[in-house]
Amino acid sequence: MRRFLPLAALVLVAAPAGVRGDAFDRYTNDVLAKVPGAPGVKQLKQLTPALLAEHGNVLPGVEGTFLVVKTNEGRFSKLLVQPALQKIKGKAPAPILLIERFVTFREGEERTVQVQGKNVRLFNGFVFNLDMGQVVPASVGGDIRFVAEGGKSHAEPVGQAEFYLVTKPLAAATPKKAAKLEIGSKFEPRYFNGAYKVYDDGRRTGTLHLKVSDKNEVSGWYYSGKDGKKYEVGGKIGSVPHAIQFTVTYPRTMQTFYGMMFTGDGRVITGTSILQERETGWYAVRSDEE
């Protein structure tokens with residue numbers, strides 16, 4: 001196991017009790033694929049302000065109405081939307097559809113993001129293309145159109161796009177609480193098993209899943225915090241049982257991490273990594289969820 005300088009200074013405050021995303025983040029591409037036909041899901045031809053008001057705040061701790069769209073290109077997209085009024089100087093406020101957040105996943109991938117964004121305003125007659133993440137002319141084609149005429153308004157799918165209104169949380173997106181880690185008097189390599197939020201050199205974040213075998217071999221997956229891409233992890237536990245070395249294999253390069261776990265509670269790993277001959281610091285905080 002390679003030696004490295006202590007990096008306790010990286011963790012300037014006490015580590016949080018656990019790291020978790022919000023309820024919107026838990027709806028990954030594999031979960032969205034289960035939305036059509038799931039209990040509590042309504043397929044719609046029109047999404048009206050009444051439906052938006054009735055089914056707002058369905059996701060715990062998340063504001064906005066949760067809409068899932070299957071795009072014209074066959075991808076799944078998740079959105080938080082709400083009706084709003086846009087002030088216009090010298091005119092009456094215009095009704096709009098506010099897309100607070102949206103994520104379109106790449107087909108066939110678990111978490112890889114095709115495009116994402118927030119705070120998109122759709123005015124009357126405007127069309128939004130979820131595969132491109134842009135408001136486009138109607139002639140280009142999109143997935144969502146907002147219509148406001150005769151004092152009424154609604155959003156509707158365009159072309160072969162499909163709207164699914166989620167009226168209650170899906171069981172598939174309910175987080176499973178990780179088993180409580182009990183650190184004994186003797187440190188065991190199995191304490192590394194679990195999920196972690198990774199903070200890498202103040203430049204990158206990600207989610208790390210580690211599994212240690214009976215032979216102290218490390219396997220798992222690393223999900224990029226930037227775009228959700230999934231990369232394989234492989235490594236080993238060192239001669240010191242609370243020391244770990246593992247490599248994340250990217251398409252064109254590899255990054256090797258060296259770390260030590262806090263032996264008091266097992267909640268933090270900290271150390272150094274090497275990426276393209278550049279050595280930097282990193283740390284990871286254990287998640288309370290699997």
Side-chain angles (χ1 to χ4, degrees), residues 22-24 27 29 31-105 107 113-170 173:
D22 67 13
F24 184 76
Y27 283 79
N29 201 25
V31 176
L32 297 187
K34 300 175 183 178
V35 164
V41 174
K42 297 180 179 180
Q43 185 172 2
L44 303 175
K45 294 299 183 183
Q46 290 188 351
L47 180 60
T48 64
L51 286 170
L52 288 166
E54 181 181 357
H55 299 292
N57 305 328
V58 165
L59 301 184
V62 178
E63 295 185 359
T65 301
F66 187 38
L67 178 68
V68 174
V69 176
K70 188 172 183 180
T71 73
N72 279 283
E73 295 188 20
R75 299 184 179 96
F76 279 101
S77 184
K78 59 180 180 178
L79 306 89
L80 290 173
V81 298
Q82 62 174 310
L85 292 174
Q86 178 66 48
K87 292 182 178 179
I88 301 176
K89 187 176 181 179
K91 296 182 180 181
I96 63 171
L97 178 72
L98 176 61
I99 302 175
E100 294 184 341
R101 295 162 64 182
F102 76 92
V103 178
T104 303
F105 289 103
E107 61 274 31
V113 174
Q114 173 76 13
V115 66
Q116 60 185 325
K118 58 184 179 180
N119 296 331
V120 177
R121 293 169 171 82
L122 280 188
F123 290 81
N124 178 42
F126 280 35
V127 176
F128 191 64
N129 187 308
L130 286 163
D131 293 301
M132 298 171 60
Q134 295 181 355
V135 177
V136 298
S139 59
V140 172
D143 304 290
I144 301 174
R145 179 189 294 113
F146 182 67
V147 179
E149 296 175 346
K152 296 182 179 181
S153 64
H154 68 269
E156 61 187 20
V158 178
Q160 299 301 310
E162 300 172 1
F163 272 19
Y164 296 96
L165 178 64
V166 180
T167 67
K168 68 177 183 179
L170 270 64

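These figures come from a predicted structure and were not determined experimentally. Computed from heavy atoms alone, side chains included, the values below leave out hydrogens, waters and symmetry copies.
With a 4.5 Å cut-off on side-chain heavy atoms, Leu97 and Phe128 do not count as touching. Counting only heavy atoms from C-beta outward, the side chains of His154 and Lys152 never approach each other to under 4.5 Å. When side chains are defined from C-beta on, Phe105 counts as touching Lys78, because their heavy atoms get closer than 4.5 Å. Residues Gln134 and Asn129 fail the side-chain proximity criterion, which asks for heavy atoms closer than 4.5 Å. Side-chain atoms of Val103 and Phe24, non-hydrogen and from C-beta on, do get closer than 4.5 Å to each other. Within the 4.5 Å cutoff, the side chain of Ser77 has no heavy atoms near those of the Gln114 side chain. Counting heavy atoms from C-beta on, the side chains of Ile144 and Leu79 come closer than 4.5 Å. Looking only at side-chain heavy atoms (C-beta outward), Val58 and Leu165 stay at 4.5 Å or farther from each other.
Atoms CD and OG1, from Glu54 and Thr48 in turn, are 8.5 Å apart once rounded to the nearest 0.5 Å. For the atom pair CG (Asn57) and CZ (Phe66), the distance works out to 13.0 Å, reported to the nearest 0.5 Å. Between Leu130 atom CG and Ile99 atom CD1 the span is 6.5 Å, to the nearest 0.5 Å. To the nearest 0.5 Å, the span separating CZ on Phe146 from CD on Glu156 amounts to 10.5 Å. Remark: Glu162 CD to Asn72 CG distance equals 9.5 Å, nearest 0.5 Å. Between the CG atom of Leu85 and the OG atom of Ser153 there is a distance of 9.0 Å, given to the nearest 0.5 Å.
Residue Phe102 comes nearest to Gly133 through the heavy atom pair CZ-CA, 3.8 Å, listed as atom of the first residue, atom of the second, then distance. Leu67 and Tyr164 get closest at one heavy-atom pair: CD1-O, 3.4 Å. Heavy atoms only, all atoms of each residue included: Pro157 and Lys45 are closest at CD-O, 3.2 Å. What you find for Gly142 and Val127 is that their closest heavy atoms are CA-CG1, 3.5 Å. Minimum interatomic distance between Pro60 and Ala23 (heavy atoms only, all atoms of both residues): O-CB, 3.8 Å. Between Tyr27 and Pro169, the shortest heavy-atom contact is OH-CA, 3.4 Å.
Panel note: side chain Lys42, backbone Thr167; no donor-acceptor pair is recorded below 3.5 Å. Asn124 places no side-chain N or O within 3.5 Å of a backbone atom of Ile96 that could act as its donor or acceptor partner.
The number of heavy-atom neighbours closer than 6.0 Å to CD of Glu63, taken from other residues, nucleotides and ligands shown, is 12 or below. Within 6.0 Å of atom CD in Gln43, more than 12 heavy atoms from other residues, nucleotides or ligands are found, so the atom counts as buried in its surroundings.
For the side-chain hydrogen bond (donor to acceptor under 3.5 Å, both in side chains) criterion with Arg75, the lone passing option out of Thr104, Asp131, Asp143 is Asp131.
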Evaluation steps, side chain to side chain contact (heavy atoms under 4.5 Å, CB included), between Val41 and Val68
CA-CA 9 Å; Val41 174; Val68 174; over 6 Å; no
